[in-house]
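As C-alpha cells, the structure follows; a few thoughts come after it.
Bear in mind that the values here come from a model prediction, so they are computed numbers and not experimental data. All chains are named by letter (A, B, ...) in the order of the sequence lines, taking the proteins before the strands, and each is independently numbered beginning at 1.
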2 protein chains.
Amino acid sequence: MPLPQTEQPGRLQAELMSRGMRMTRQRRIILSVVETAKQHLDASQILRKARKLDAKVDRVTVYRTLNLLKRHGLIDELDLMHLQGEKHFYERRPQRDHIHMACLRCGKIAEFESNLFDRLKGEIQRECRFHIVVTRLEVGGYCADCRVMPAS
Amino acid sequence: MPLPQTEQPGRLQAELMSRGMRMTRQRRIILSVVETAKQHLDASQILRKARKLDAKVDRVTVYRTLNLLKRHGLIDELDLMHLQGEKHFYERRPQRDHIHMACLRCGKIAEFESNLFDRLKGEIQRECRFHIVVTRLEVGGYCADCRVMPAS
DNA sequence: TTAAGTGCAAATATTTTGCTGTCAC
DNA sequence: GTGACAGCAAAATATTTGCACTTAA
C-alpha cells in the first residue's frame, strides 16, 4: 500500500494560483474537498461535501473545476472498473503512480505501488518511443476477503 | 506490438452457445461485427456496422449483447483515456493482456505486450492476495510522431 | 475596469429499463 | 410450447454548453 500522501494543505490552490488562475470562493472550497478526501470521490460526492461548506456551490462549477485540475495534471480521473456505473472518481495526482484494485464482490478499492510498474512505464517509454503523461492501471478481481476458494 | 490475433471466426458465437445462450439473428450479426473489427469500436459504431448487415438491429440489442459478452468475459471494455469523450470501446479479450497507449495529440491508439506487465500482474496476485479477473492499463501521452522535442 | 468565473436552464451523450410481442430451442 | 430475446419508448445517469450576472485582480 502506498504511504499516506504527505499532507500539503492548500497545495492545489497554490499550484493553480502560480499558473495564473483566479482563486474564487467556490474554487477554494472544491479544492479543499478534493485535497482532504479520504477516499476516491465522484463529482456528486464532491458537490455534496462542497455544499456542506457553502450551500451556494453549483454542480456545474464542480465539473468546471475538475476539468481545470485535469487539464493542469493536478488530479487523475479513475473509472474503478465501472463497478459503480459510469461515474468518474478523482484523486490528487500522487508523486508515484499506483495501481487500483477493485473487488468485484465487496467493491473495496485497494492501492498498490510497485517497482515493476515503474519499470514497465520506463519500458513503454523506451521501446515504444512514447512519452508518457498519465497512466491508469485498474484491476478487477477478488480481494483476499472475498476470494472464492477452489470448489471444495 | 501484439501479433495479430489468430483468426477464429465464429468463436464468440461458439462460446456463447456452449454456455447455453440462444443464438439469434441479431446476436450473430453483432458478434461478427465485434469479431472482425480492425480497430476498437464503440457501441454506436458497432450499431452502424451491424445495420449495414441487417437494418433491423436495435441499439438496445447492441448494448444488451455487449453486456452479455462482458459478463462472460469474452470482451474487454476500454476507455482509451477518454480521448473521445465518455464512450466505451470494445475488443475481444486477447489471449495475452496488452497495454493501450493513446496519443493526446493525434489520437492514435497503440498496443503493447510486455513480460514486465505479466510479471506485475503476478506480483499483484501474490503480494496483495488479489485474484485478478480483468485488467486495464491505459497510458496517455505523445507517440513518436507527435513527441514534442525539448525546447530547442 | 474587465476578463475570467459562476449559476441557472437547457442541451447532449451514453446507457438502462419496462413492457409487449416474437422467436430459438 | 415456453422462456429467452428483440424492439420501441421512455427513463436514468453523467456531463457540457449558452448566456446573463458577478467578482477577482
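In this structure, B/Glu138 contributes its side chain and B/Leu80 its backbone to a donor-acceptor pair below 3.5 Å. One N or O on the side chain of A/Thr65 and one on the backbone of A/Thr61 form a donor-acceptor pair closer than 3.5 Å. Side chain of A/Thr36 to backbone of A/Ser32: a donor-acceptor contact under 3.5 angstrom is found. Of the possible donor and acceptor atoms, one in the side chain of B/Gln45 sits under 3.5 Å from a partner among the backbone N and O of B/Asp42.
Near DNA chain C, meaning a heavy atom under 4.0 Å from it, residues 39-55 of chain B has B/Ala43 in order of number. The stretch residues 56-64 of chain B touches DNA chain D through B/Lys56, B/Val57, B/Asp58, B/Val60, B/Thr61, B/Arg64, each having a heavy atom within less than 4.0 Å of the strand. Annotation: proximity of residues 72-90 of chain B to DNA chain C (heavy atom, distance under 4.0 Å) is found for B/Lys87, B/His88, numbered in ascending order. Less than 4.0 Å separates DNA chain C from at least one heavy atom of each of the following residues of residues 22-33 of chain A: A/Arg22, A/Thr24, A/Gln26, A/Arg27.
Residue A/Tyr63 is found outside any hydrophobic cluster, as its side-chain heavy atoms come under 4.5 Å of no other Ile, Leu, Val, Met, Phe, Trp or Tyr.
Inspection of the B/Glu91 and B/His98 side chains reveals an N or O donor paired with an N or O acceptor under 3.5 Å. Side-chain contact, A/Arg59 with A/Ser44: a donor N or O sits under 3.5 Å from an acceptor N or O. A/Gln84 and A/His40 share no side-chain donor-acceptor pair at under 3.5 Å.
Every pair passing ring-ring contact (aromatic ring centres under 6.0 Å, His included) that includes a residue from residues 67-95 of chain B is listed here, sequence neighbours excluded: A/His82-B/His88, A/His88-B/His82. Contacts classified as salt bridge (charged side-chain N to carboxylate O under 4.0 Å, His left out) and involving residues 61-83 of chain B (residues at least two apart or in different chains) are given here: B/Lys70-B/Glu77, B/Asp76-B/Arg93, B/Asp79-B/Arg136.
Residues satisfying the side-chain hydrogen bond (donor to acceptor under 3.5 Å, both in side chains) test with A/Arg96, not counting sequence neighbours, are A/Glu113, A/Asn115, A/Asp118. With sequence neighbours left out, the ring-ring contact (aromatic ring centres under 6.0 Å, His included) criterion links A/His131 to no other residue. The salt bridge (charged side-chain N to carboxylate O under 4.0 Å, His left out) search around B/Lys56 returns none, not counting sequence neighbours.
The nearest whole Å value for the distance from the CE atom in A/Met21 to the P atom in C/dA4 is 9 Å.
Taking a 6.0 Å sphere around NZ of A/Lys121, one finds it holds more than 12 heavy atoms contributed by other residues, nucleotides or ligands.
Along DNA chain D, read 5' to 3', the first and last nucleotides having any atom under 4.0 Å from a heavy atom of chain A are D/dA14 to D/dA25.
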Practice problem: Apply side-chain contact (heavy atoms from CB on, under 4.5 Å) to the pair B/His100 and B/Glu111, showing each step before the final yes or no. | Solution: CA-CA 5 Å; B/His100 287 96; B/Glu111 301 182 348; 3.4 Å; yes

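With axes fitted over five pairs at each extremity, the angle between the ends of the helix from C/dT1-D/dA25 to C/dC25-D/dG1 is 40° (10° resolution).
Hydrophobic clustering (ILVMFWY, side-chain heavy atoms < 4.5 Å, transitive): B/Leu74 and B/Ile46 are in one cluster.
One finds no salt bridge joining B/Arg119 and B/Glu123 here, because no Lys/Arg side-chain nitrogen approaches an Asp/Glu carboxylate oxygen to under 4.0 Å.
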